[in-house]
Amino acid sequence: MPQELPPIAPFSGQSASNNSGATVQVAGDNTGSITITHRPKLPMSPVSSTEIAAATEPLWAHTPTPQRAADALAAHGLAVIIGETGMGRRISAVRALQTCLAGRFAATQLYKLAADWDEDETPERETLPEPVPGHGYWIDATARALSPAAALALTAWAEELQGAGACVVITVNQRDWRGDSRFEVPAVRPDAIQVARNHLAVRLGSPTQADWLQPGPNRPVGRSLLRGPAVADPTAGIFSDLITRTVSPTDAVAIAERLHRVKPERLAKAVEQLNEKQNDDDARQQAAREIRAIREEVLLWTDFLESTLAETGTRGQDRVMLLSAAYLEGAPLELCIKAAAEFDPRDEPAARRFREGRSPRRRMRDVGVDVTFDDKAAFESRPGLALSAIRMDWHHWAHERQATREWIERITASGGAAEHWAKQVGERLLELSRTEVDPPFFEVLDHWTTAGSQADVQRIRIVAQLLTRAAQTDELGRDTHKKLLDWATRQKNPYQREAVARVCSGSYGQRWPHTALVRLRHILGHDDAATEIAEDALVAHAASGGRGLTHVVETVESWLDKHPSHAAGPRAFLALTDPSRPNNVLASLITIAQTSPSIRDFLISGWHTTLKQPEVRERAHQVLVSWAQAVHEDHLNRDFTFGVLTDVRNAHEPVDAMSRFLYGSPEHEDPALIAARFALANLRACTHTQCSRSDCPLTQSPITADGDSSEEVLGEPER
């Protein structure tokens, strides 16, 4: 928190010792107290050991991107790695920082810097870290476009870093960097096969499985394998064509993880049976089928689904049966059948056909669905088939995407067949929307939270959880930030506003606190269920420790200053200063205010603005009464607290909430309130040092509508 500093004498060459703030503002005649003002720093966290390991030998998969970025860092202190998702931008950024700093400093520190500003904002210098030799910073700006002003601000900061022996790498999407092209480094995709092999051999400790992917010999699965060259390990190179070089590093690691689950003895036995000359054709064909099954399992059943959905011309019931089981995996089979029958509710004959001909269980098995002993849909024999089927169906049946989305909305709506499976359906839509065109994720969430959907608390919580996860993905992060802002500003949709409040009260608010507070301000402009959640989120952030309290106080103060007629600032102020809340931060504010004039001024000016806001009149009176009760119970310092309220009284025309507090009303005559009125009647106006703000309410004489000063109208108001 800002600290009160000794007065500075008004002579040339004055200084401010022991100052840790970014700027010092001296007000008035230079004989008053100094107020240090600055915005909070951007959230920063160390680069994870996993990311550092992936950028370090022997896990590192070669690509020229890091060296080119390191050259730019050495020359300018800044490199901007540009490319789309799947180009290895993140690990290349980490390796570039390591390459640039390792040769110059014995100890280096790498940090992730959150791009916690909206697209219409610019990161100010005071929010960026101070230059420290040997420190490298990585800003992942893939969730937003960098405006020319933002690019210029980051470039200027990079120049400071370079002068101090530090540097910064920024990762962005194509066409999102609007700064100097000298810093641009196009990302070159790393070799996916090398990524997977390194992951298997080093991270998972399976060199034998890594050899399955080695580039040669390239042998197709089948009888020709018998004529292949002799090798020490007959399984080496068996899956050399499993991964193409255009696969993203993330997908390559995922394939390696699935390949690791294949037991080496299973593959070795199949290859041995295939190579055994004494085996008959049936045995060798069985072995070849086993090897193909392993490939399908690792590649998430691509060939199986291609054959099932396309080559055999699967239509109608079978295709929708598979889709229903894929979205509702683990649900009772009867529920899956019922949901499938609702794909086209207007076609009654089609709905009947789902129960005609082959039995529903036979239909399920024919398209790859397992039926468990307790009659539920599963994919135990084909792990990963469910999501792969959803993706391929969306891709293959493009002309039915709208019908598929409407079917999902119908069965998951309140009272729908799959109402209680909304969370799993939403998770699968989220994964689908990360890779496919025309993604349905946000449209379905819009439907779930429309006013006519009768969304309940549980559904809103599910939507909030899904949006929180979506914000953390590369592919959907930017759209999620925009969606949250759009929902926060919708006055007529309480469901969507409540969902945003819940998102901002969780890990989203911890990762992007400034972005979350912007959305909370819009929500606090209204009074409904979302407002209460937003207030709780605001107070919880203030009570979280560290710079949380300072950040919230400075933010709320800016709301009161910039939007004095908006209810968001007063509601936030009352939430912060309400001693009856579970997360009570008022005691901390009162304690700090006794040594920090800026916090005392925040309390006084906050009350001054809040008492003018008619929308919070009743709430303001309740909080004033809570202050009196807290003093009466010795939870707050009596003299200081009533001293603050005395200044508020003298700066505010005594009407509405303050009038009721000062002069009473029949329903509020408890001892705490009587003691507070007695104290305020006998305390003189506070003579604390001059406030640094030119518009401080205590430096101005409040004027009534008739032009009289407030001291002339402090008599008993009309009841």
*Evaluate side chain to side chain contact (heavy atoms under 4.5 Å, CB included) for N637 paired with D639, printing each intermediate quantity in order.*
CA-CA 6 Å; N637 181 286; D639 292 340; 4.0 Å; yes

*salt bridge (Lys or Arg N to Asp or Glu O under 4.0 Å) between D479 and K483, intermediate numbers included*: CA-CA 6 Å; D479 291 336; K483 177 64 68 174; over 6 Å; no

*side chain to side chain contact (heavy atoms under 4.5 Å, CB included) evaluation trace for V500 with Q496*: CA-CA 6 Å; V500 175; Q496 292 178 345; 5.6 Å; no

*Decide salt bridge (Lys or Arg N to Asp or Glu O under 4.0 Å) for D116 and R511; before the verdict, give the C-alpha distance in whole Å, the side-chain angles of both, and the deciding distance to 0.1 Å.*
CA-CA 8 Å; D116 189 21; R511 183 169 181 177; over 6 Å; no

*Please step through salt bridge (Lys or Arg N to Asp or Glu O under 4.0 Å) for the pair R461 and E498, ending with a clear verdict.*
CA-CA 9 Å; R461 286 177 176 170; E498 183 175 344; over 6 Å; no

*Might you work through the ring-ring contact (aromatic ring centres under 6.0 Å, His included) test for W512 and W117, ending with a clear yes or no?*
CA-CA 8 Å; W512 297 285; W117 65 87; over 10 Å; no

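Side-chain contact annotation: Q613 with H566, donor-acceptor N/O pair under 3.5 Å absent.
Listed by chain and residue number, R571 satisfy the salt bridge (Lys or Arg N to Asp or Glu O under 4.0 Å) test with E615 (two or more places apart in sequence, or in another chain).
For the pair E554 and R547, the salt-bridge criterion is met [side-chain N within less than 4.0 Å of a carboxylate O].
Ring orientation note: the planes of Y137 and W157 are tilted relative to one another, at an angle of 30° to 60°. Taking the six-membered ring where the residue is Trp, H135 and Y111 present tilted rings, their angle falling between 30° and 60°.
When side chains are defined from C-beta on, T127 does not count as touching K41, because their heavy atoms never get closer than 4.5 Å. Contact check for Q465 versus R502: no side-chain heavy atoms found under the 4.5 Å cut-off. Under the 4.5 Å side-chain criterion, counting only non-hydrogen atoms from C-beta, D176 is not in contact with L146. Between F640 and V631 there is no side-chain heavy-atom pair separated by less than 4.5 Å. Between F573 and W559 the shortest side-chain heavy-atom distance does not fall below 4.5 Å. Counting heavy atoms from C-beta outward, N493 and W487 have side chains that stay 4.5 Å or more apart. Using a 4.5 Å heavy-atom threshold, the side chains of R519 and Y508 count as touching. Put simply, the side chain of N583 does not reach to within 4.5 Å of the side chain of D536, judged on heavy atoms.
Judged as a salt bridge (charged side-chain N to carboxylate O under 4.0 Å, His left out), the pairs with a partner in residues 520-530 (not counting sequence neighbours) are, in order, R497-D528. Evaluation of the side chain to side chain donor-acceptor pair (under 3.5 Å) test over residues 138-148, restricted to residues two or more places apart or in two chains, returns R90-D140, W138-T171, D140-T142, D140-T171.
Of the residues T468, V463, I533, L466, the one that meets the side-chain contact (heavy atoms from CB on, under 4.5 Å) test with V503 is T468.
Rounding to the nearest 0.5 Å gives a distance of 4.5 Å between OG1 of T641 and CG of L636. In this structure, CG in D578 is found 7.5 Å from CG in N584, a value given to the nearest 0.5 Å.
Minimum heavy-atom separation, L476 to S433: CD2-O, 3.8 Å.
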